[in-house]
Protein chains: 2
Amino acid sequence: MDFELFERLAHDAMRSSHAIVAFVSCEVSYSGRAETFLERGDRILLVKPDRSVLIHQPSGSVPVNYMKGGSELSLERGEGRIVLHAAHKAERAWLDVSVFAVHGALSQRLEDAQRLDLAGNERDMSDWIRDNPRCIGEGFRPIAREEQTDVGFIDVFGHDGSGTLVVVECKRVTASLSAVDQLRRYVERVKRARGTQQVRGVLAAPAITPNALEMLASLGFAFCRVDPPKRLERWARDQKRLGEF
Amino acid sequence: MDFELFERLAHDAMRSSHAIVAFVSCEVSYSGRAETFLERGDRILLVKPDRSVLIHQPSGSVPVNYMKGGSELSLERGEGRIVLHAAHKAERAWLDVSVFAVHGALSQRLEDAQRLDLAGNERDMSDWIRDNPRCIGEGFRPIAREEQTDVGFIDVFGHDGSGTLVVVECKRVTASLSAVDQLRRYVERVKRARGTQQVRGVLAAPAITPNALEMLASLGFAFCRVDPPKRLERWARDQKRLGEF
DNA sequence: GGGGAGAGATGCCGC
DNA sequence: GCGGCATTTCTCCCC
């Protein structure tokens, strides 16, 4: 595919809000939050109708360069190349993609009003703890979930029935030192705000690293093993793999 | 484009390690770290030679669903659909893309041996502080950079000339509460390891949030304004935008 | 392989 | 818009 075809495709796609995908040989420069340069190679270029730009190398699931939606886009014809400029003034970011060859390109108008339905996040987990308080301790009584403080929100807040306040921090994956930091910050804030030293800290997660457990113990907090709930997990069970490549 | 063509393209691409891009109408199910479902709509499907899979909606710069490289891929023909299965046993993750229509598709062999060259990250910043210690304080003497402890590494470690140890934590963006937590953890660790209370904590960043500054002060630590160095920032200055769409 | 932390993190929600 | 934080975070580095 030559430059003229690519240029016309890109122009038409931009005008009519199509998405563009292209296999190109290119080099890439970026300046914004950092400065990057990527020498010439074959990549996948993706331009969406919201004027976001993605550049993917042949390996890896993360784009090597990108611009968020809302960029100003322009094409410039150079010597033996065509340059896609993307400028995001609000973010003070610039991306230049110098395309030396176009191996193939497509554009398409896309219709999609759907939103992702997700189960098994941390909010589901704190919901579950609120509805199953016994997992935290025999007398645990939840008062609030996602209680706002000025240093962040407490996942589950309650008391143990004998007047002692309980702060629960949830993690849906193995808890690390930063989770203990977070819990400590909330407990200190509650102690100060309520004028009491009677505040227990509980870290609820499926697992915890040894260092985090040691720090937790040194602060007098408790670990409580809880797995994140996955409400839709039936569908993938016992699925059969047919037509293996 | 019909299913037979798409199926043949996909088969051939898999066999010869091509990348595939396609505009498809599809629904998507994922089960792994969480469970997700996405109802039918038009999306961009990307399958790379490393067997990573990306699904992009028309908007946004982040894929709505994905699988990392190393998945097992298979195609299954169903009623009015063709299903791409991706299974990652090590991660216990499964992705099913049910394709109802193929608006267009391409495959291509890609050659790319280049790696991204980046300037302006936090390591550049701690390098710069080590080489320009006066920015931390008049008598600051750096000893080590990225000093390893069992609770993380200290960005810059030194003393102030009068025997007091100094721990510097760098952030390349506005420092928040978690940066203060990190600094506190390192200072406590150094106090314990060296058996002294004479340890100063310094947070170096271009800015700091009010809450973080308050917590920093309450711990007796200091803030020090430092901007991250960008060594390649010349290229993007004064660039002209030609051929605006 | 696990732990810890940075990332051009991104995106969401609450104030 | 800022602040705080989860993320199917991802990736890198070091032990």
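Atom set for the values below is all heavy atoms of this structure, side chains included, hydrogens, waters and symmetry mates excluded. Each chain gets a letter, A, B and so on, in the order the sequences are listed, and its residues count up from 1.
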Tell me which of A:T209 and B:L116 sits closer to the 5' end of DNA chain C, going by the nucleotide each one is nearest to. A:T209
First of A:I208 and B:C170 reached from the 5' end of DNA chain C, by closest nucleotide: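 It is A:I208 whose nearest nucleotide is closer to the 5' end.
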Just jot down the side chain to side chain donor-acceptor pair (under 3.5 Å) partners of [X], sequence neighbours excluded, or say none.
{"X": "A:T209", "answer": "none"}
{"X": "B:S98", "answer": "B:R81"}
{"X": "B:D150", "answer": "B:R189"}
{"X": "A:S61", "answer": "none"}

Checking side chain to side chain donor-acceptor pair (under 3.5 Å) for the pair A:H85/A:E76: CA distance, chi angles, key distance, verdict? CA-CA 8 Å; A:H85 299 286; A:E76 179 192 357; 2.5 Å; yes
Nearest whole angstrom, please: distance from the [atom2] of [N] to the [atom1] of [X].
{"X": "B:L95", "N": "D:dT8", "atom1": "CG", "atom2": "C1'", "result": "10 Å"}
{"X": "B:L54", "N": "D:dT8", "atom1": "CG", "atom2": "P", "result": "14 Å"}
{"X": "A:L118", "N": "D:dA6", "atom1": "CG", "atom2": "P", "result": "15 Å"}
{"X": "B:M125", "N": "C:dG6", "atom1": "CE", "atom2": "P", "result": "11 Å"}
{"X": "B:E147", "N": "D:dC14", "atom1": "CD", "atom2": "P", "result": "13 Å"}
{"X": "B:R145", "N": "D:dC13", "atom1": "CZ", "atom2": "P", "result": "12 Å"}
{"X": "A:K171", "N": "D:dT8", "atom1": "NZ", "atom2": "P", "result": "13 Å"}
{"X": "A:I154", "N": "D:dG3", "atom1": "CD1", "atom2": "C1'", "result": "16 Å"}

Any salt bridge (Lys or Arg N to Asp or Glu O under 4.0 Å) involving residues 201-228 of chain B? Give me the pairs, sequence neighbours left out, ordered by first then second residue.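 Residue pairs with at least one partner in residues 201-228 of chain B: B:R225-B:D227.
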Salt-bridge present (B:R33, A:E122; N to O < 4.0 Å): no
Less than 4.0 angstrom from a charged side-chain N to a carboxylate O is my criterion; do B:D127 and B:R145 meet it? yes
Could you measure between the two P atoms, the one in D:dT8 and the one in C:dG4, and give it in whole Å?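 Rounded to whole Å, the distance is 22 Å.
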If we take the P atom in both C:dG8 and D:dG4, what is their distance in whole Å? 23 Å
For A:P228, all residues meeting side chain to side chain contact (heavy atoms under 4.5 Å, CB included), sequence neighbours excluded: A:M125, A:R172, A:P206
Contacts of type side chain to side chain contact (heavy atoms under 4.5 Å, CB included), residue A:R115, not counting sequence neighbours: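 Here no residue qualifies.
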Indicate yes or no for a side-chain donor-acceptor contact from A:N132 to the backbone of A:C135 under 3.5 Å, with no hydrogens or angles considered.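 No; judged by distance alone, with no hydrogens or angles, the pair does not exist.
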Are any non-hydrogen side-chain atoms of A:F157 and A:V167 less than 4.5 angstrom apart? yes
B:F37 versus B:E27: any side-chain heavy-atom pair under 4.5 Å?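 They are in side-chain contact.
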Measure from the side chain of A:E122, starting at C-beta and using heavy atoms only, and say which of C:dG6, D:dT8, D:dA6 lies closest. D:dA6
Which residues, if any, of residues 174-194 of chain B bring a heavy atom under 4.0 Å of DNA chain D? B:L177
At under 4.0 Å between heavy atoms, what does A:G32 touch on the DNA or RNA strands: base, sugar-phosphate, or nothing? nothing
Quick one: label A:E169 by what it contacts on the DNA or RNA (base, sugar-phosphate, nothing), any heavy atom closer than 4.0 Å. sugar-phosphate
Distance criterion of 3.5 Å, no angle test: do you see the side chain of A:N121 paired donor-to-acceptor with the base of D:dT8?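 It does not, because no donor-acceptor pair links the side chain of A:N121 to the base of D:dT8 below 3.5 Å.
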Is DNA chain C part of any stem, that is, at least 3 consecutive Watson-Crick or G-U pairs with both distances under 3.5 Å, and where?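 For DNA chain C the paired stretches long enough to count as stems (3 pairs minimum) are C:1-7 with D:9-15, C:9-15 with D:1-7.
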Is B:Y66 stacked on the base of D:dT8, meaning ring centres closer than 5.5 Å and planes within 30 degrees of each other?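 Stack criterion met.
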According to the 5.5 Å centroid and 30° plane-angle thresholds, does B:Y30 stack upon the nucleobase of D:dT8? yes
Heavy-atom nearest nucleotide on DNA chain D for A:D150 versus B:R33: which residue maps closer to 5'? A:D150
Are any of B:S31's side-chain N or O atoms less than 4.0 Å away from OP1 or OP2 of D:dT8? no
Which residues in residues 211-219 of chain A have at least one heavy atom lying under 4.0 Å from any atom of DNA chain C? A:N211
If you measure only the distance, is there a donor-acceptor pair under 3.5 Å linking the side chains of B:N65 and B:T36?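 Their side chains do contain a donor-acceptor pair, which is all the 3.5 Å distance test asks for.
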Considering only distance and modelled atom types, tabulate donor-acceptor pairs under 3.5 Å from the side chains of residues 47-54 of chain B, sequence neighbours left out.
| from | atom 1 | to | atom 2 | distance (Å) |
| --- | --- | --- | --- | --- |
| B:K48 | NZ | A:H56 | ND1 | 2.9 |
| B:K48 | NZ | A:Q57 | O | 2.7 |
| B:K48 | NZ | A:G60 | O | 2.6 |
| B:D50 | OD1 | B:S52 | N | 3.1 |
| B:D50 | OD1 | B:S52 | OG | 2.6 |
| B:D50 | OD2 | A:G60 | N | 2.8 |
| B:R51 | NE | B:S71 | O | 2.7 |

Listing time: all N or O pairs from protein to nucleotides 11-15 of chain C that are below 3.5 Å?
| from | atom 1 | to | atom 2 | distance (Å) |
| --- | --- | --- | --- | --- |
| C:dG11 | OP1 | B:S61 | OG | 3.2 |

